[in-house]
2 protein chains.
Amino acid sequence: MSPEYIDPIARPDLFLGKREQTKAQNRQRILEAARQVFAELGYGATTVRDIIRATPLASGTFYNYFKSKEEVFQAIQDESALRIRPRLHEERAKAETIEQFITGTFRTFFEYVASDQSNFHAIRRNTDTLRVRMDTPEIIAGFQELREDLEKAIAKGLFPPVDADYLMAAIVGVAFELAERMLRRDIVDTDAAAAFATALFMGGVHALPVLAPIAPPGSGGA
Amino acid sequence: MSPEYIDPIARPDLFLGKREQTKAQNRQRILEAARQVFAELGYGATTVRDIIRATPLASGTFYNYFKSKEEVFQAIQDESALRIRPRLHEERAKAETIEQFITGTFRTFFEYVASDQSNFHAIRRNTDTLRVRMDTPEIIAGFQELREDLEKAIAKGLFPPVDADYLMAAIVGVAFELAERMLRRDIVDTDAAAAFATALFMGGVHALPVLAPIAPPGSGGA
DNA sequence: TCCACGAATGACACTGCGTCAACTTTGCCG
DNA sequence: CGGCAAAGTTGACGCAGTGTCATTCGTGGA
């Protein structure tokens, strides 16, 4: 048998020691169990023990990987943020008009949210009426990046010289709140949500998409 | 001594039985203690026992008044919502233009938030990076009322016939997120925040207040 | 083959939870 | 005023979750 080239990225198990493999596997097991339990019980109601029980591991093992349920939650959040942040940044970097900047941001965000319901729902939907949002380092960095992108766009003359901090906050607020409503609707229409948000930022209330005078129930209304 | 008229509202202690008085007092004691403890430790980190300890009462007594810390939190929130909701509604009811509707809403909200920092801070600022928002019945009713006011305004021809649900969500998102940023600034300028939000909704990004080209540090920039 | 070290285990001491039987206070009646 | 029923308060208790750590296990190097 001649030795063939094997991609170490595709088959890490052949190159990592058994120890490393188990460690990576355990971490994933915990995160996966946590996602399930958070989704089922809500963040507030789940205990570290609930997560452990959803796992074949012993309680002590959990603490080899995470200090608390907060840390698990943060890891889950960071995973999401890490996935979406580059896409958002790229979208905005290549924008040549305000509209492209805004629409690229909202479209990308809403599409991600819709594709990631397991995470996003588990994250924002919580027991009863209690909603939890964790601004992890990665997420804060994402906000910061939006602000910097806005400042760059202002410097380029793309945007008028407005308060970038407040504008960032407004974009974040609309993005999260609209995402919430969007997910609650029967048909999740990311385009409609993105169109709404973009129109608002481009021209205010007067520019928003207009609904049909008497909309039949369930009409998209974009 | 001739019997004099005494206003029962001003001196409820003279008209309520001792039982009723103690009950009202205990409830207030618990809420006050909870406000302090939430502010100090953050919502996530405080325990029912922490609240009880900040009170002269026994643990069993706490449970005569509230089922859990969630319920205490909800009561605190509802108190706030109950105070601000009529003001917001009134402001919008008397609006004769879109601008009055929007600016009245934001101005009232930001002014309330600034005046109520003890509550609002304790509520939104939490341990580490974990932020908690509880949509209590009273708060949800407030959102609903905003949506209805929007629909009424649309019916009156004040607003174009847009998606009232999304517009409500956008207003709520901007209000909460801007409030957060506003409170973090050195000088809390409710007018500037309201002006920013109003301009955004009236004309989008292009209508936002423009900052001085090279702003000296600390300039309000409204 | 052996053994040293890192990782997994689960029993343990501790803290918070919500309950409830015993006690205290209030308001009412004769 | 004394006595009593109902309402409210108390804190000890059983139970569940927390994080730790001495012990055990298994991998990987010699």
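Numbered from 1 within each chain, the chains take letters A, B, ... in sequence-line order. These values consider heavy atoms only, across backbone and side chains, with no hydrogens, waters or symmetry-generated copies.
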Lys/Arg N to Asp/Glu carboxylate O, B:Glu145 vs B:Lys152, below 4.0 Å: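 The answer is no: the pair does not qualify as a salt bridge.
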Under 3.5 Å: donor-acceptor pair, side chain of A:Thr105, backbone of A:Phe101: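 Yes; judged by distance alone, with no hydrogens or angles, the pair exists.
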Backbone of A:Tyr112 reached by a side-chain donor or acceptor of A:Ser115 within 3.5 Å: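 A pair under 3.5 Å: yes.
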Starting at [atom1] of [X] and ending at [atom2] of [N], how long is that distance when rounded to a whole Å?
| X | N | atom1 | atom2 | answer |
| --- | --- | --- | --- | --- |
| B:Tyr63 | D:dG11 | OH | C1' | 13 Å |
| B:Arg27 | D:dG8 | CZ | C1' | 16 Å |
| A:Tyr65 | D:dG19 | OH | P | 18 Å |
| A:Asn26 | D:dG26 | CG | P | 14 Å |
| B:Glu20 | C:dT26 | CD | C1' | 11 Å |
| A:Lys23 | C:dA8 | NZ | C1' | 13 Å |
| A:Ile30 | C:dT9 | CD1 | P | 10 Å |
| B:Glu70 | C:dG18 | CD | P | 9 Å |

Sugar-phosphate, base or nothing in reach of B:Phe66, heavy atoms under 4.0 Å: nothing
Sugar-phosphate only, base, or nothing, as touched by B:Ser59 at under 4.0 Å among non-hydrogen atoms: base
Reference residue A:Arg107; test side-chain contact (heavy atoms from CB on, under 4.5 Å); the match among A:Thr190, A:Ile102, A:Asp191: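 In the set A:Thr190, A:Ile102, A:Asp191, the residue that makes a side-chain contact (heavy atoms from CB on, under 4.5 Å) with A:Arg107 is A:Asp191.
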5' priority, DNA chain D, between A:Thr61 and A:Asp50 [closest heavy atom]: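 The residue closer to the strand's 5' end, by nearest nucleotide, is A:Asp50.
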Given DNA chain C, 5'-ward residue of the pair B:Ser68 and B:Thr22, judged by closest heavy atom: B:Ser68
Return the nearest nucleotide to the side chain of [X]; candidates are [options].
| X | options | answer |
| --- | --- | --- |
| B:Asn64 | C:dC17, D:dT9, C:dC5 | D:dT9 |
| B:Thr47 | C:dC17, D:dG19, D:dG11 | C:dC17 |
| B:Arg19 | D:dA6, D:dG11, C:dC17 | D:dA6 |

Flag if over 12 foreign heavy atoms under 6.0 Å of CD, A:Glu40: no
Side-chain donor/acceptor of A:Arg49 to base of D:dG19, under 3.5 Å: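 Yes.
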